[in-house]
Amino acid sequence: MSLRLTNTLTRRTEPFVPLVPGKVSIYCCGVTVYDLCHLGHARSYIVWDVLRRHLLWRGYAVTFVQNFTDIDDKILRRAAEEGSSMEAVSERNIADYFTDMDALNILRADRMPRATLCLDGIRALIGELEAKGAAYSADGDVYFAVMAKADYGKLSGRDLDQQQEGASGRLADEEEARKHHPFDFALWKAAKPGEPSFPSPWGPGRPGWHIECSAMVRQELGDTIDIHLGGADLIFPHHENEIAQSEVASGQPLAHFWLHNGMVNVGGEKMSKSLGNFTTIRALLDSGVSPMTLRLFVLQAHYRKPLDFTAEALEAAASGWKGLNAALDLVARAVDPAASTASASAEVEGALDGFRERFGAALDDDLNTSAALAVLFELARPLRSLAHRLQRGDGTAADEAREPELLARGALLQELAAVLGLIAEALPTGAPAAGGEADVAELEAAIAARRQAKAERDFATADRIREDLRARGIELIDRPGGVTDWIRA
RNA sequence: GGCGGCAUGGCCAAGUGGUAAGGCAGAGGAUUGCAAAUCCUUUACCCCCAGUUCGAAUCUGGGUGCCGCCUCCA
């Protein structure tokens with residue numbers, strides 16, 4: 001079975017066939033860098049990261065391009081608010097983007113163009129559209145004429161005549177007056193006094209939002225690409241307009257596949273800046289949510305469906321990840337990948353191939369990460385069990401007999417988990433985290449006192465010490481052999 | 001008004017014609033001085049109505065409810 005993907009353009013799930021055998025070109029709409037990324041961004045980039053990893057796993061050579069929009073009204077507003085510059089705001093947020101996405105183990109794109117560095121291509125494209133009669137200028141602005149594209153609306157399934165103009169309540173009157181058609185959109189915006197601007201044949205100004213993607217796709221990947229990615233909220237108008245611009249200019253289809261991820265909801269409503277119901281990735285990570293928990297949370301749902309963000313769901317993901325991580329951690333520490341594959345029996349290999357098959361088939365089926373995760377959990381269960389028994393030091397002869405199977409199973413789990421970008425995280429240990437030497441010494445003394453009390457069967461004292469430490473945020477864990485570990489809860 | 005999507009156990013969520021994956025939580029058991037951790041077992045006729053079919057959560061029609069987009073948006 002081969003990869004099938006749901007194409008927004010056709011509204012169907014269709015077999016994926018690349019333009020060039022063995023190679024896949026992908027463009028993913030990136031962020032406007034005026035603020036930290038929130039969970040909605042995390043979902044989008046985690047999901048597309050899995051698409052990319054899966055294609056790589058299947059042996060494709062993938063070229064993945066993602067942009068940064070570093071020219072935008074909101075960036076300018078932010079710069080004005082904080083008394084800095086557009087460049088300063090952009091640079092800071094790009095750095096933060098990498099910090100957050102790296103933490104989530106999202107592979108960096110092969111190339112990440114920025115609007116400010118693609119102005120030549122943007123101006124050239126606008127010039128071409130003007131020459132073809134698909135663009136017109138008005139008071140220093142340049143607009144794309146949607147009537148120039150006969151099939152305008154094909155991606156979002158819209159009939160312009162039946163749209164309710166201004167239904168979103170966000171149209172500016174002055175701008176509307178300059179347009180020939182209500183759905184015409186800006187390719188170039190004249191700079192207002194005092195605003196940063198770039199020179200152009202139409203006067204100083206800056207590019208419209210949609211044109212940068214068209215220019216970047218062409219510059220980095222050519223006229224037609226395999227897959228174009230983005231959030232479902234970009235279908236209209238952003239992607240519709242990209243198609244209009246690019247296809248009028250080149251006469252070729254812009255992308256064969258258009259994939260869109262569903263929104264993250266909070267209380268049944270879309271997470272967004274305007275509603276003020278967003279949670280930044282940074283805030284989640286700072287609050288102690290592990291990056292892998294976030295990945296698991298996102299991947300447990302199908303990418304096209306809405307995903308409700310609740311504290312309960314996040315806790316469930318954290319618990320789930322803990323179990324998976326226990327198995328992965330065991331593998332990372334105990335399995336030597338080089339030695340693990342040779343010894344398993346043919347029967348075991350056959351069984352494991354079954355898991356591999358199911359996992360691959362799940363992802364091939366329009367990225368069914370939920371089903372793929374189920375395979376991971378099934379693979380992990382006996383490994384968790386072994387990890388626990390080894391930890392207690394009561395591994396049995398039967399375990400040893402099964403060792404080749406478990407080693408092979410562990411190696412497979414590691415391989416498949418990596419396709420979902422899930423990698424072992426260090427488990428909490430008794431190692432001192434924050435806190436000075438004196439604190440640790442005092443803690444050790446308390447633990448020693450408790451050990452003494454336990455030896456004398458004075459459990460009241462032992463429990464009081466446990467409670468005292470718990471009140472200070474220290475959790476004691478008794479291990480076999482009289483050893484007591486502690487963690488900061 | 002137009003376009004699109006969703007409705008599966010306490011929660012999250014797969015499954016799109018042959019008698020309901022997985023995760024979380026809960027319950028029972030094992031282990032444990034206590035606690036934590038761990039292991040085992042266990043919990044569903046799939047929003048409503050009608051229809052097609054030998055057979056439907058899965059197809060068709062009609063309802064009901066919720067959500068997204070209609071020039072900020074991942």
Side-chain angles (χ1 to χ4, degrees), chain A residues 8 11 28-32 34 37-48 72-74 153 156-168 170-172 175-176 179 182-186 208-210 229-238 240-241 260-265 268-274 296-297 300-302 304-308 310 312-324 326 358 362 365 368-378 381 384-385 387-389 391-392 454 457 459-460 462-463 466-467 470 475-479 485 487 489:
Chain A
T8 306
R11 276 129 227 276
C28 178
C29 275
V31 287
T32 300
Y34 72 101
C37 290
H38 59 61
L39 192 56
H41 300 105
R43 180 186 197 189
S44 190
Y45 300 123
I46 286 171
V47 160
W48 304 138
D72 173 81
D73 288 346
K74 288 201 278 292
S156 53
R158 268 152 226 270
D159 180 348
L160 289 183
D161 294 338
Q162 300 195 68
Q163 293 304 296
Q164 214 172 66
E165 189 186 334
S168 69
R170 258 183 269 114
L171 298 178
E175 191 182 12
E176 290 314 294
K179 293 181 183 177
F183 283 89
D184 288 353
F185 54 91
W209 176 36
H210 317 298
L229 306 171
D233 51 354
L234 298 184
I235 295 171
F236 190 90
H238 185 53
E240 196 69 71
N241 291 349
H260 293 97
N261 64 275
M263 300 293 98
V264 172
N265 290 166
E269 286 186 314
K270 176 182 160 184
M271 177 177 286
S272 73
K273 295 281 184 191
S274 52
L296 190 64
F297 169 68
Q300 277 191 296
H302 185 83
R304 282 189 288 106
K305 286 193 176 181
L307 174 60
D308 246 307
T310 62
E312 296 72 30
L314 200 61
E315 277 168 29
S319 297
W321 169 244
K322 203 158 100 186
L324 214 45
R358 279 173 57 210
D365 181 18
N368 190 340
T369 51
S370 186
L373 278 170
V375 175
L376 256 42
F377 278 107
E378 288 175 35
R381 197 176 302 129
R384 290 170 62 183
S385 175
H388 176 244
R389 275 174 286 140
Q391 183 189 43
R392 298 208 317 187
K454 281 172 63 177
R457 302 197 64 80
F459 297 122
D463 288 346
R466 174 192 289 288
E467 286 307 319
R470 181 176 288 157
E475 193 71 33
L476 297 184
I477 302 169
D478 292 333
R479 303 284 187 201
D485 283 344
I487 58 171

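All values reported here derive from a predicted model rather than from experimental measurement.
Rounded to a whole angstrom, the distance from the P atom of B:C6 to that of B:G15 is 11 Å. Spacing of P atoms, B:C40 relative to B:A20, comes out at 23 Å, to the nearest Å. A distance of about 14 Å separates the P atoms of B:U16 and B:U60, rounded to the whole Å. With C1' as the reference atom, B:C67 and B:U31 are 47 Å apart, rounded to whole Å.
Comparing B:C6, B:A35, B:G33 against the side chain of A:Arg466 picks out B:A35 as the nearest. Closest to the A:Asp365 side chain, of the nucleotides B:G15, B:A21, B:G33, is B:G15. Comparing B:C73, B:A13, B:G23 by their nearest atom to the side chain of A:Ser370 picks out B:A13. Of the candidates B:G22, B:A14, B:C70, the closest approach to any side-chain atom of A:Phe183 belongs to B:C70. When each of B:C73, B:A14, B:C70 is scored by its nearest atom to the side-chain atoms of A:Asn368, the top-ranked nucleotide is B:A14. Closest approach to the A:Gln300 side chain among B:G33, B:C73, B:G23 is made by B:G23 (side chain taken as heavy atoms from C-beta onward). The A:Lys454 side chain lies nearest to B:G33 when the options are B:A74, B:G33, B:G22. Proximity note for A:Ala374 (side chain, C-beta onward) versus B:A21, B:C67, B:C70: the nearest is B:A21. The nucleotide whose nearest atom lies closest to any side-chain atom of A:Lys270 is, among B:C6, B:G68, B:G2, B:G68. For A:Ala316, the side-chain atoms get nearest to B:G23 when compared with the rest of B:G4, B:G23, B:A74.
Within 4.0 Å of A:Ala371, counting heavy atoms only, lies at least one base atom of the nucleic acid. The residue A:Asp73 sits apart from the nucleic acid: no heavy atom pair falls under 4.0 Å. When heavy atoms are screened at a 4.0 angstrom cut-off, A:Leu234 is found touching the sugar-phosphate backbone but no base atom. Here A:Glu378 lies in heavy-atom contact (under 4.0 Å) with sugar-phosphate atoms only. Residue-level contact check: A:Gly40 touches the bases, meaning some heavy atom is under 4.0 Å from a base atom. Counting non-hydrogen atoms under 4.0 angstrom, A:Val47 reaches nothing in the nucleic acid.
Between A:Lys305 and the phosphate of B:A7, there is a side-chain N or O to OP1/OP2 separation shorter than 4.0 Å. Here A:Arg304 does not reach the OP1 or OP2 of B:G5: none of its side-chain N or O atoms lies under 4.0 Å away. Phosphate proximity of B:A25 to A:Ser319: present, with a side-chain N or O under 4.0 Å from OP1 or OP2.
Here the P atom of nucleotide B:C73 and the CG atom of A:Leu39 are 19 Å apart, to the nearest Å. The separation between A:His238 atom NE2 and B:C69 atom P is 16 Å, rounded to whole Å. Here B:G23 presents its P atom at 11 Å from CG of A:Leu373, a figure rounded to the nearest Å.
Along RNA chain B, the nucleotide nearest A:Leu307 and the nucleotide nearest A:Arg11 are compared for position; the residue whose nucleotide lies closer to the 5' end is A:Arg11. Where A:Met263 and A:Arg158 meet RNA chain B, the nucleotide closest to each residue was compared, and A:Arg158 sits on the side nearer the 5' end.
By the 5.5 angstrom centroid cut-off and the 30-degree plane limit, A:Phe459 is classified as stacked against the base of B:G33.
The OG1 atom of A:Thr32 sits 7.5 Å away from the NE2 atom of A:His41 when rounded to the nearest 0.5 Å.
Within a 6.0 Å radius of CZ in A:Arg11, other residues, nucleotides and ligands contribute more than 12 heavy atoms.
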